[in-house]
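Not measured: the values here are computed from a predicted model. Per chain, numbering begins at 1; letters A, B, ... match sequence-line order.
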2 protein chains.
Amino acid sequence: MKTSAHAASLAPFPAIESAIRATGARVTPSRVRVYALLQNAQGPLCHRDIERLLSGGALPAMDRVTLYRVLDWLAAAGLAHKAADARGVFRFSAATSDGEHLRHMHFRCTACGGVFCLDMSQPSLPELPQGFRLASAEFDIRGVCPDCAGKHP
Amino acid sequence: MKTSAHAASLAPFPAIESAIRATGARVTPSRVRVYALLQNAQGPLCHRDIERLLSGGALPAMDRVTLYRVLDWLAAAGLAHKAADARGVFRFSAATSDGEHLRHMHFRCTACGGVFCLDMSQPSLPELPQGFRLASAEFDIRGVCPDCAGKHP
DNA sequence: AGCTTATTGCAACCTTGTGGCGTTAATGAT
DNA sequence: ATCATTAACGCCACAAGGTTGCAATAAGCT
């Protein structure tokens, strides 16, 4: 039995692959790797985080710019959410089914930039003035996380 | 009657001046100008906005870095709030009395980065898990503002 | 007026993110 | 299976936002 090295690298992620294919765009190793990584992540990751996590594996690290483009593409395709953290750095997270993450609770650490999802029911959304187009709404709580609070007492 | 040019440049802002002096730090023209500007602003301003607004006047434009430092100092002194907008750029706003702005509603335009304060009563704050230190909480609503919605139909 | 030292201005640098362009490789057709 | 098409990739340089180091300046105190 002969299996190409290429096919083997994509095979472990059938769901990922089909989700990408469903958008009409091409299925590439970069997209599969990044999207899979976001889905397994605990919270939103920034470009730097992803670069580090990716460089650990056996596969060759992908180009900086390619990663930026893959992330922006995932966001544009609706497969990921893109939002700036408390330090002004963009973080990305996999977009579950739909709408689940749109009304969510986040705790943003102003020291390390980390984002923690608080799984709590959220209050109802208020009415917007005329002309404003809503994209997402979240209760944004800022402060210092337990880790950083320990380092800076 | 003789009045020094220096004193004349600070005289118009007695409240501003005493607020700065109350922090224990030195009262400088840069701090007075920037803090006065933030207090008169309609919404949170970014570094760029402030640079432009300042360069319009008769006084010589202050240094880029000095402005960054004045803004960070205002935030550290508790006279201003510092937060990243939807595009990841820091915006600053004058800190009114206290706590008023901490629980506030904002609409952040993902196209132009503009921030609009929505003066609406806000739902109550939830409990945080152990170890998390709260600094501020706001209902963060993202989307496209009427201006940008008109440009990109 | 003179002293002390917090602020300023300047220059260089860092990080995050984007645009241009030739090359590679994912897909559809042969 | 091979080929052609063109979306993605990799590499380059660049832009915007933000920070650090240090010499020169000017607030505030006596």
Side-chain angles (χ1 to χ4, degrees), chain A residues 2 4-7 9-11 16-18 20-35 44-52 54-55 59-77 82-92 110 112-113, chain B residues 4-7 9-11 17-18 20-35 44-52 54-55 59-77 82-92 110 112-113:
Chain A
K2 188 181 168 187
S4 83
H6 181 190
S9 76
L10 293 178
I16 302 275
E17 216 183 304
S18 59
I20 294 174
R21 199 178 301 280
T23 67
R26 294 182 184 175
V27 177
T28 69
S30 303
R31 285 175 179 166
V32 173
R33 284 171 74 191
V34 175
Y35 188 37
L45 303 175
C46 67
H47 182 272
R48 215 174 222 279
D49 294 335
I50 299 170
E51 230 175 4
R52 266 197 287 262
L54 247 43
S55 69
L59 290 80
M62 81 180 66
D63 186 69
R64 226 170 56 83
V65 179
T66 299
L67 178 52
Y68 274 115
R69 288 201 268 237
V70 166
L71 287 169
D72 279 339
W73 176 84
L74 283 169
K82 174 182 185 177
D85 67 18
R87 288 184 320 181
V89 178
F90 287 123
R91 284 176 179 267
F92 298 81
T110 50
C112 67
Chain B
S4 82
H6 182 190
S9 75
L10 293 179
E17 216 181 305
S18 59
I20 294 174
R21 199 178 302 281
T23 67
R26 293 180 183 176
V27 178
T28 68
S30 303
R31 285 174 179 167
V32 174
R33 285 170 74 192
V34 174
Y35 188 37
L45 303 175
C46 66
H47 182 273
R48 212 175 224 277
D49 294 335
I50 299 171
E51 229 175 5
R52 266 196 289 261
L54 247 44
S55 69
L59 290 81
M62 83 180 63
D63 186 69
R64 225 170 58 84
V65 179
T66 300
L67 179 52
Y68 274 116
R69 286 201 270 236
V70 165
L71 288 169
D72 279 340
W73 176 85
L74 284 169
K82 174 182 184 177
D85 68 17
R87 287 183 321 180
V89 178
F90 287 125
R91 284 176 178 267
F92 297 82
T110 49
C112 68

Nearest heavy-atom pair of [X] and [Y]: which atoms, and what distance?
X       : Y       : answer
A:Val89 : A:Cys46 : CG1-CB, 3.8 Å
B:Asp85 : A:Ala84 : O-CB, 3.7 Å
A:Leu71 : A:Ile50 : CD2-CD1, 3.7 Å

Donor-acceptor list for residues 59-70 of chain B side chains, cut-off 3.5 Å, not counting sequence neighbours:
from	atom 1	to	atom 2	distance (Å)
B:Asp63	OD2	B:Val65	N	3.0

Helix axis bend for the helix from C:dA1-D:dT30 to C:dT30-D:dA1 - C1'-based end axes, five pairs, 10° rounding: 40°
N/O contacts under 3.5 Å, protein versus nucleotides 6-8 of chain D?
from	atom 1	to	atom 2	distance (Å)
D:dT6	O2	A:Arg26	NH2	3.3
D:dA7	O4'	A:Arg26	NE	3.4
D:dA7	O4'	A:Arg26	NH1	3.4
D:dA7	O4'	A:Arg26	NH2	3.0
D:dA7	N3	A:Arg26	NH1	3.0
D:dA8	OP1	A:Arg26	N	3.2
D:dA8	OP1	A:Arg31	NH1	3.1
D:dA8	O5'	A:Arg31	NH1	3.2
D:dA8	O5'	A:Arg31	NH2	3.0

Protein-nucleotide distance ([X], atom [atom1]; [N], atom [atom2]), rounded to Å:
X       : N      : atom1 : atom2 : result
B:Leu67 : C:dG9  : CG    : P     : 10 Å
A:Asp63 : C:dG22 : CG    : C1'   : 14 Å
B:Glu17 : D:dA27 : CD    : P     : 11 Å
B:Arg33 : C:dT7  : CZ    : P     : 18 Å

A:Trp73 side chain reached by A:Ile20 side chain, heavy atoms, under 4.5 Å: yes
Pairwise side-chain contact, B:Leu54 with B:Val34, heavy-atom cut-off 4.5 Å (strictly under): yes
Phosphate contact (C:dT27 OP1 or OP2) by A:Arg21 side-chain N/O below 4.0 Å: yes
Salt bridge (Lys or Arg N to Asp or Glu O under 4.0 Å) against B:Arg48, all qualifying residues, sequence neighbours excluded: none
Sugar-phosphate or base contact per nucleotide [nucleotides 14-22 of chain D; S, B, -; heavy atom under 4.0 Å]: ---SBBBB-
Non-neighbouring partners of B:Arg21 that pass side chain to side chain donor-acceptor pair (under 3.5 Å), sequence neighbours left out: B:Glu17
B:Arg31 side chain to B:Arg26 backbone, donor-acceptor under 3.5 Å: yes
Donor-acceptor contact present, side-chain A:Arg91 to main-chain A:Ala83, <3.5 Å: no
Within 45° cone and under 6.0 Å: B:Lys82 NZ/CZ vs B:Phe92 ring: no
